[in-house]
Each structure stands twice: as structure tokens, then as C-alpha cells.
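Atoms within a ligand are numbered from 1 in the order they appear, just like the ligands themselves.
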Amino acid sequence: MKIDKELRGNIQTFIKNLTNAEDDEIKEYISEIVSDRKLENSLAKKSNFGDGEKPFSYKIAVDVASRLALYVLCRTKKPDVVVETGVASGTSSSYILRALDKNDRGTLYSIDVPWYTVTQNWKGAFVDGVKTNPIEMQSGWIIPDYLRDRWDLTMGLTSEKLPALLKKTGKVDVFFHDSEHSYENMAREFKTIWPGLRKKGVMLVHNVEKTPAFAEFEQKVGGESFKLSGLNNDFKIMTIGGKAKG
Ligand SMILES: C[S@@+](CC[C@H](N)C(=O)[O-])C[C@H]1O[C@@H](n2cnc3c(N)ncnc32)[C@H](O)[C@@H]1O
């Protein structure tokens with residue numbers, strides 16, 4: 001994967017702000033993931049549908065900046081417990097799992113309802129319908145087989161499943177929100193996760209720009225927060241917010 005100097009610098013600053021890790025260590029992990037042919041090839045193989053159109057859940061995967069930030073954060077922090085909400089194809093999950101694989105420690109606990117199921121309920125949001133593909137039913141279909149041993153998937157809504165999951169995991173080192181970006185759901189997930197986050201644990205929030213939930217949460221708990229922007233598959237700017245627990 002090729003990334004420009006500016007993005008490299010932005011990821012470096014973002015991770016430094018969140019972890020206070022040494023510059024050389026962060027640089028090393030950025031170089032490691034952008035030259036990771038094993039992961040790149042496995043993802044390309046899993047998402048090769050010949051001439052067929054890629055499933056919708058592939059198109060809504062996190063942007064490259066977020067993928068790299070998740071990887072580098074998990075390499076830097078060496079977490080035992082990572083919790084993620086919103087799996088879809090499993091692109092973000094794959095980058096987190098590859099970091100845990102390299103660390104040789106930790107588990108990723110993810111919660112998801114299949115994208116296909118969600119869109120069936122959003123009548124009117126997709127007037128032409130969303131192309132159905134059996135693969136949409138399988139949350140995390142893109143995750144390479146060699147990374148699955150460290151993955152624990154819970155199916156269901158985060159409003160119902162997150163509290164019980166936190167009882168099972170104990171303290172969380174890294175949390176990543178990428179499920180439904182409604183104000184209500186974002187605010188509820190932040191409120192639920194924050195007490196369960198370990199001291200110096202890090203919360204990352206995809207699409208912070210969608211609602212005021214992250215900004216309000218920052219104000220409420222105090223301390224600094226940081227942002228990293230990248231382009232998604234449609235060349236729209238997406239912003240990921242990050243906050244470390246003091
Ligand atoms: C933007 S996609 C996640 C993309 C994924 N992080 C990636 O990089 O490929 C959002 C996912 O969250 C799921 N989802 C939406 N609302 C949810 C909720 N309330 N609880 C659990 N999952 C939800 C959707 O069905 C979809 O699979």
C-alpha cells in the first residue's frame with residue numbers, strides 16, 4: 001500500500017498524541033503495515049468477486065487513514081482487550097487483528113448486526129434497494145482465516161449486547177466505535193464504554209462529524225481529544241476522533 005508523506009505525518013501525530021509513544025516506534029509500525037503484503041494479499045483474495053460487483057458492506061469499510069491508525073495504535077499499546085462496534089465486511093477488524101497477531105497477544109471482541117439486516121429496515125433510505133448478496137449476511141467475511149483465532153464476535157444491537165460484553169471482557173484497552181452513527185447510539189456507546197476503559201486506554205470513534213455526540217462527550221469528561229481525517233472509497237472526508245483516558 002502506498003501512502004503520501006502528509007498522511008504518514010498525520011497518523012504519526014495522531015498516535016503520538018494518544019499514546020505518547022516514541023516517534024521511532026510509531027514510524028516503524030506505519031512502515032510495517034504499509035508494506036504488509038500478507039495482509040494485503042489475503043484481503044484482495046477474499047474481496048475478489050471476479051467481474052461481479054463488490055458487496056455493499058465492502059464499500060462502507062473504514063478509510064485508509066483509520067485502518068492504519070487502528071493498526072499502529074494496537075501495535076503501540078499491545079492491548080489485551082480490544083472492543084469494536086460495527087463489523088460489516090470486517091476491514092477494520094482485519095487491521096486490528098493483524099496488529100494483535102504481530103503482538104502475539106490480545107483478543108478483539110466485536111459486536112455487529114449484519115448490514116443486510118439493517119438496510120432491510122431502512123425503507124426509503126435506499127430507494128433502489130441495496131443489492132443483496134449472501135455474503136452480506138456474514139459479518140467479517142473479509143477477515144483472513146489466519147487472523148480468526150483472536151476474534152470473538154457477538155451478534156446483536158450494541159444497546160443490548162455491549163453492557164454484557166464488558167462484564168465478560170473486564171477492563172478494555174482500546175475501544176473502536178463504527179456501528180450506527182446516530183446521536184443516540186453514539187452517546188449511549190460512549191457512556192457505556194468509558195467506565196470500562198482502562199486508565200490510559202484509548203477510545204476511537206469513526207465518523208465523529210456525523211453528530212455532536214463526540215464533541216459533547218469530550219466536554220463532559222474533559223481532557224484533550226484528537227482527530228484524524230482521511231478519504232473513504234467515495235472520496236468523501238471521514239474523521240476519526242480519539243481520546244485517551246487520563
Ligand atoms: C460502517 S459499517 C462498519 C464498517 C467496518 N468497521 C469496516 O471497516 O468494514 C457499520 C456496521 O454496524 C452495523 N450496525 C449498525 N447499527 C448497529 C447497532 N445498533 N448495533 C450493532 N451493529 C450495528 C451495521 O449493520 C454495519 O455492519
Side-chain angles (χ1 to χ4, degrees), residues 1 33 39-40 42-44 46-47 54-71 73-74 82-99 108-123 125-126 130-144 147 151-166 174-193 203-211 213 228 230-234 236-242:
M1 176 197 298
I33 186 60
L39 179 64
E40 208 172 304
S42 333
L43 295 177
K46 288 259 184 180
S47 59
K54 300 251 192 260
F56 201 84
S57 59
Y58 179 80
K59 298 179 189 165
I60 56 163
V62 287
D63 53 278
V64 168
S66 299
R67 292 173 203 188
L68 301 181
L70 283 166
Y71 179 87
L73 177 70
C74 290
V82 183
V83 172
E84 166 192 58
T85 64
V87 177
S89 64
T91 301
S92 52
S93 321
S94 298
Y95 280 80
I96 296 168
L97 285 166
R98 181 59 165 150
L108 168 65
Y109 299 87
S110 306
I111 303 180
D112 196 47
V113 286
W115 172 249
Y116 171 81
T117 315
V118 174
T119 55
Q120 295 313 293
N121 297 328
W122 289 358
K123 306 275 184 226
F126 299 93
V130 170
K131 281 217 176 86
T132 58
N133 181 327
I135 210 161
E136 304 284 7
M137 299 298 289
Q138 304 158 28
S139 299
W141 55 264
I142 207 169
I143 299 173
L147 295 178
W151 191 43
D152 182 308
L153 174 65
T154 301
M155 297 305 301
L157 294 169
T158 61
S159 53
E160 291 166 9
K161 303 290 181 181
L162 189 55
L165 179 66
L166 295 181
V174 172
F175 172 71
F176 177 51
H177 158 88
D178 196 22
S179 64
E180 181 189 311
H181 305 305
S182 64
Y183 175 84
E184 193 189 24
N185 189 57
M186 291 173 95
R188 183 177 42 232
E189 284 190 17
F190 304 161
K191 197 175 156 194
T192 308
I193 195 74
M203 173 168 117
L204 289 188
V205 178
H206 204 239
N207 297 108
V208 280
E209 74 282 2
K210 294 264 182 192
T211 80
L228 173 71
L231 295 176
N232 77 351
N233 289 334
D234 295 331
K236 283 195 191 125
I237 294 178
M238 305 264 128
T239 302
I240 190 166

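- Each of the atoms 5 (C), 6 (N), 7 (C), 8 (O) of ligand 1 lies under 4.0 Å from some heavy atom of S92.
- Of the polar atoms of T158, at least one N or O is found under 3.5 Å from an N or O of ligand 1, judged by distance alone.
- Ligand 1 has a nitrogen or oxygen under 3.5 angstrom from a nitrogen or oxygen of G86.
- Inclusion of H181 in the set of residues having an N or O under 3.5 Å from an N or O of ligand 1 is not warranted.
- Under a 4.0 Å criterion applied to the non-hydrogen atoms of A88, ligand 1 contributes the atoms 2 (S), 3 (C), 4 (C), 27 (O).
- The aromatic rings of H181 and H206 sit tilted relative to each other, their planes meeting at an angle between 30° and 60°.
- Selection from T91, I96, D112 by nearest heavy atom to atom 13 (C) of ligand 1 gives D112.
- Scanning for salt bridge (charged side-chain N to carboxylate O under 4.0 Å, His left out) contacts around K59 gives E53, with sequence neighbours left out.
- Heavy atoms of other residues, nucleotides or ligands lying less than 6.0 angstrom from CD of E184 number 12 at most.
- The N/O atoms of V113, backbone and side chain alike, include one that comes under 3.5 Å of an N/O atom in ligand 1.
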Inset, instruction - Would you check, one step at a time, whether the test side chain to side chain donor-acceptor pair (under 3.5 Å) holds for S182 with E180? - result: CA-CA 6 Å; S182 64; E180 181 189 311; 2.7 Å; yes
Apply side chain to side chain donor-acceptor pair (under 3.5 Å) to N185 and S179, showing your working. CA-CA 8 Å; N185 189 57; S179 64; 3.1 Å; yes
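- Heavy-atom contacts from other residues, nucleotides or ligands closer than 6.0 Å to CD1 of I237 number 12 or fewer.
- For ligand 1, one of its N or O atoms has an N or O atom of D178 under 3.5 Å away.
- Under a 4.0 Å heavy-atom criterion, G156 is in contact with ligand 1.
- Under 4.0 Å from ligand 1, not a single heavy atom of T85 appears.
- Summarising the contacts of atom 5 (C) of ligand 1 with I143, V62, V87, the nearest heavy atom is found in V87.
- Among the candidates L97, V62, V87, the single residue satisfying the side-chain contact (heavy atoms from CB on, under 4.5 Å) test with S92 is V62.
- With sequence neighbours excluded, the residues satisfying side-chain hydrogen bond (donor to acceptor under 3.5 Å, both in side chains) with E209 are N207.
- Among L157, I111, D63, the residue whose heavy atom lies nearest to atom 18 (C) of ligand 1 is L157.
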